Colleague: 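Below you'll find the structure I mean.
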2 protein chains.
Amino acid sequence: MSDAKKTLARGGAPHRHPTLTDVARLAGVSRSVAGRVLNGGTGNTRFSDQAADAVREAAARLQYRPNHAARQLRGKRSRTFGVLVASVGDPLLTFLVQHIDAAAVSIGCRTLLANTIGNPDVGPDQFDYHVDDFARRGVDGVVCAVHDWCEGDRRALLQRHPNTVFYEDPGMEGAACVVPDRAEAVRLAVRHAASRGRRRIGLAVMALSRPTGQERLAGYRAEADARGLPWDERLIFDGEPHGLGYARHNSQTRQWEFPVELMDRVIDALVRDAGADAVVAHNDFWAAALMRRMRRRGIRVPDDVAVVGYLNHYLADWTDPPLTSIDPMQTVAGQKLVEILEQGASGDAPAADGVTFRVAPRLIERQSA
Amino acid sequence: MSDAKKTLARGGAPHRHPTLTDVARLAGVSRSVAGRVLNGGTGNTRFSDQAADAVREAAARLQYRPNHAARQLRGKRSRTFGVLVASVGDPLLTFLVQHIDAAAVSIGCRTLLANTIGNPDVGPDQFDYHVDDFARRGVDGVVCAVHDWCEGDRRALLQRHPNTVFYEDPGMEGAACVVPDRAEAVRLAVRHAASRGRRRIGLAVMALSRPTGQERLAGYRAEADARGLPWDERLIFDGEPHGLGYARHNSQTRQWEFPVELMDRVIDALVRDAGADAVVAHNDFWAAALMRRMRRRGIRVPDDVAVVGYLNHYLADWTDPPLTSIDPMQTVAGQKLVEILEQGASGDAPAADGVTFRVAPRLIERQSA
DNA sequence: CTGAAAGCGCTTACAG
DNA sequence: CTGAAAGCGCTTACAG
């Protein structure tokens, strides 16, 4: 076997990375000193300026980078957070994932993204698989942002990885979570529509039976009451009886399926039957589909009916008209999630125990309302 | 300091993970045997059934999982691939990133996603930062899918990580890459429009001066010739002189900015002046904006003008009308990228040297053309 | 078939 | 201020 082949077989790297020993030798000091200089310990950081200079120069010359695995083995943190999501490209969570990563990087950590669905090759129990793999890799903490209608043993996760935070309330004792304030989101939407003179404001919710559905309804009632809007049950649309109660993920196309035609039921109920002049949609996808079907039926947006979305997904810029939408501020949520995890990991404070952090939403005005 | 606090400070984990030593002790064998049973070496896998059973039972009982860092330190692969993208949530690449990860997971590896822009907290040279960090963590290979108009020293990357593959041709000697076949993409679009009876097919390109722009043009000409369509220079729109020559990323909003109004220049040039009855748009975002502006100008899609997008982004399902679009098959590209990396990492074959793999696109018909 | 032993690269008391 | 040494958890020749 040739030398070249040997090194290749050793892991694909054609040249050995320089180690602390190499640096120490070049600098003419012991590994101990080199290590202290380069990684500034907790106080026993004693060495001469002379030694320090020599070491740093050697390190620079060799392009030395500390081996992460060795540090971790020695008891250091992995500086890695696991992030569980239904699918990496989940349109509902792109900004969250993105910002969790940004927040992690800004404190010198990394993110290990894990799809729990959407990978038929690996089989159905990918939630457990990833939880397991996270343990092997010794992540410092885990964000679980898997939708509640997707499978996965959250309890086992929390047991294996005590430093776990959920995005959305998993409804478990002792589980810390960060949640978007949906009641406030709907309040903002209703307030906006009302301030534009709308009086008959409809609310379209995917599933009223879920806690999040109830929250939305509560926000609606609160704001309607505050504004003195008349209460009319017909202005509340529940998607569940219409087969809109949950999202279906097609693992073939890797997309969430969405029966656009069913949006006509929303229009029938809210606009035609209840005479709504505004609709607060379940999310931007509902809103986009609603606007399309409305146009087909000769209903003008926003002239006849104002539409407010939820998510402020980048889709919102591309609908016609561009969509006024409530931003759940996933960027703030991402930051908070990492902050909690970091506290748990650094030991400054125990991982937040069963605390729920609510993230305040914000309305982004475009042209649909 | 209490015991609980001590363990917390040790890294956030309240209980030590069981090690091979624990398993061996419980099974009543040596670590060597336990190791051989649990990790089946390359042939010296000799042990009695009795020993194997005992070890496996012990491992199961203790929920033993091999420590990744230790294995890696001992010379095993990290089973991790670094993925460089401009931004994790980059709408142009969501499916690619997603499928790279899926492909990696299906061979027991993981993906380390790295944003090169979009994280102002870390500073401007994040490309280098991540390249460095990848070295520390000993990734088995790197996918670089950073847009060519974004900064980053590709040459240094390739030197530090010889097992690197690019998505899109970086134009460097010896760099392997996977590229979507843009000429074929435009051919498919033109063919589709022509087969629907369109004769004056316009082509809107972001920047004709770029190689990819030239490829698109070549595809256009090839198909137009094959169909006997008359050549008319006015049917080619180059965005560059109109300030559409590159995408701008707003790190505040973490979105790509897009001057929707400028799409009117496209309509002016292609539809009004050149009388196009079909437009092959630069991508789905252009297409979505075009359709919106056309509607405003009383131009019906597809009745008056057919529109074909490029990307088959999930946006395509939500435009009005839903967008017929060319899918660059990023899922196939993702698989190919990982395949190449895996070959390089496993040493079966040297990392593909300077080879370019072209991925065949596919047309997805919806209603705009 | 089995186990004692070396060593991956680092960190960190510990003794000089 | 400095260096020899132990040890993190694993893998793997090597000698029994």
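Below, read A as the first sequence line, B as the second, and so on, with proteins coming before strands; counting in each chain starts at 1. None of the values given here were measured: they were computed from a predicted structure.
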Colleague: Between B:Val29 and A:Val33, which residue's closest nucleotide on DNA chain C lies nearer the 5′ terminus?
Modeller: B:Val29
Colleague: Any idea which of C:dC10, C:dT12, D:dC10 is nearest the B:Asn67 side chain?
Modeller: D:dC10
Colleague: Measure CZ/A:Arg25 against C1'/C:dG9 and give the value in whole Å, please.
Modeller: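 In whole Å, C:dG9 C1' and A:Arg25 CZ are 13 Å from each other.
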Colleague: Choosing from D:dC10, C:dC10, C:dA13, which nucleotide comes nearest the side chain of A:Ala70?
Modeller: C:dC10
Colleague: When the P atoms of D:dC1 and D:dA5 are compared, how many Å lie between them, rounded to an integer?
Modeller: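 Pairwise P distance, D:dA5 against D:dC1, rounds to 23 Å.
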Colleague: Is there a donor N/O on one and an acceptor N/O on the other, under 3.5 Å, for the side chain of A:Arg65 and the base of C:dG9?
Modeller: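 In this structure, the two groups form no donor-acceptor pair.
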Colleague: State the pairing partner of D:dA4; accept Watson-Crick or G-U wobble contacts with both distances under 3.5 Å, and report none otherwise.
Modeller: none
Colleague: Could you give the CZ-to-P distance, from A:Arg36 to D:dC1, as a whole number of Å?
Modeller: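 Rounding to the nearest Å, CZ of A:Arg36 and P of D:dC1 are 10 Å apart.
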Colleague: By the 4.0 Å heavy-atom rule, please label A:Thr19 as base, sugar-phosphate, or nothing.
Modeller: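 A:Thr19: backbone/sugar contact only, no base atoms under 4.0 Å.
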Colleague: How far apart are the C-alpha atoms of A:His130 and B:Arg110, what are their side-chain angles, what is the distance that settles it, and do they pass the side chain to side chain donor-acceptor pair (under 3.5 Å) test?
Modeller: CA-CA 10 Å; A:His130 290 303; B:Arg110 289 225 92 101; 2.7 Å; yes
Colleague: How would you label the contact of B:Ser32 with the nucleic acid (heavy atoms, under 4.0 Å): base, sugar-phosphate, or nothing?
Modeller: base
Colleague: Can A:Arg160 and A:Asp132 be counted as an ion pair, charged N to O under 4.0 angstrom?
Modeller: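 Looking at A:Asp132 together with A:Arg160, the answer is yes, because their closest N to O distance falls below 4.0 Å.
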Colleague: What is the distance from atom CZ of B:Phe166 to atom CG of B:Leu158, rounded to the nearest 0.5 Å?
Modeller: 5.5 Å
Colleague: Report the distance from atom CZ of B:Arg136 to atom C1' of C:dG9, rounded to the nearest whole Å.
Modeller: 14 Å
Colleague: Under 4.0 Å between a side-chain nitrogen and a carboxylate oxygen: does that hold for B:Arg79 and B:Asp140?
Modeller: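 B:Asp140 and B:Arg79: not salt-bridged.
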Colleague: Measure the distance from NE2 on B:His68 to C1' on D:dC8 and round it to the nearest whole Å.
Modeller: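 Taking NE2 of B:His68 and C1' of D:dC8, I get 16 Å after rounding.
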Colleague: Counting only side-chain nitrogens and oxygens, does B:Ser48 get under 4.0 Å of the OP1 or OP2 atom of C:dT2?
Modeller: yes
Colleague: Quick test of your reading of the model: are B:Arg155 and B:Glu173 salt-bridged, counting only N-O distances below 4.0 Å?
Modeller: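 No, B:Arg155 and B:Glu173 are not salt-bridged.
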Colleague: Remember a base hit wins even if backbone is also touched, and classify A:Ala69 as base, sugar-phosphate or nothing at under 4.0 Å, heavy atoms.
Modeller: nothing
Colleague: Rounded to whole Å, please give me the gap between CZ in B:Arg31 and P in C:dA4.
Modeller: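 About 9 Å, once rounded to whole Å.
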Colleague: Whole angstrom is fine here: how far is it from CG in A:Leu73 over to C1' in C:dG9?
Modeller: 9 Å
Colleague: Between C:dC10 atom P and A:Leu62 atom CG, what is the distance in whole Å?
Modeller: 12 Å
Colleague: Does a side-chain N or O of A:Lys76 approach OP1 or OP2 of C:dT12 to a distance below 4.0 Å, or not?
Modeller: yes
Colleague: Round to a whole Å and report the spacing from CZ of B:Arg137 to P of C:dC8.
Modeller: 23 Å
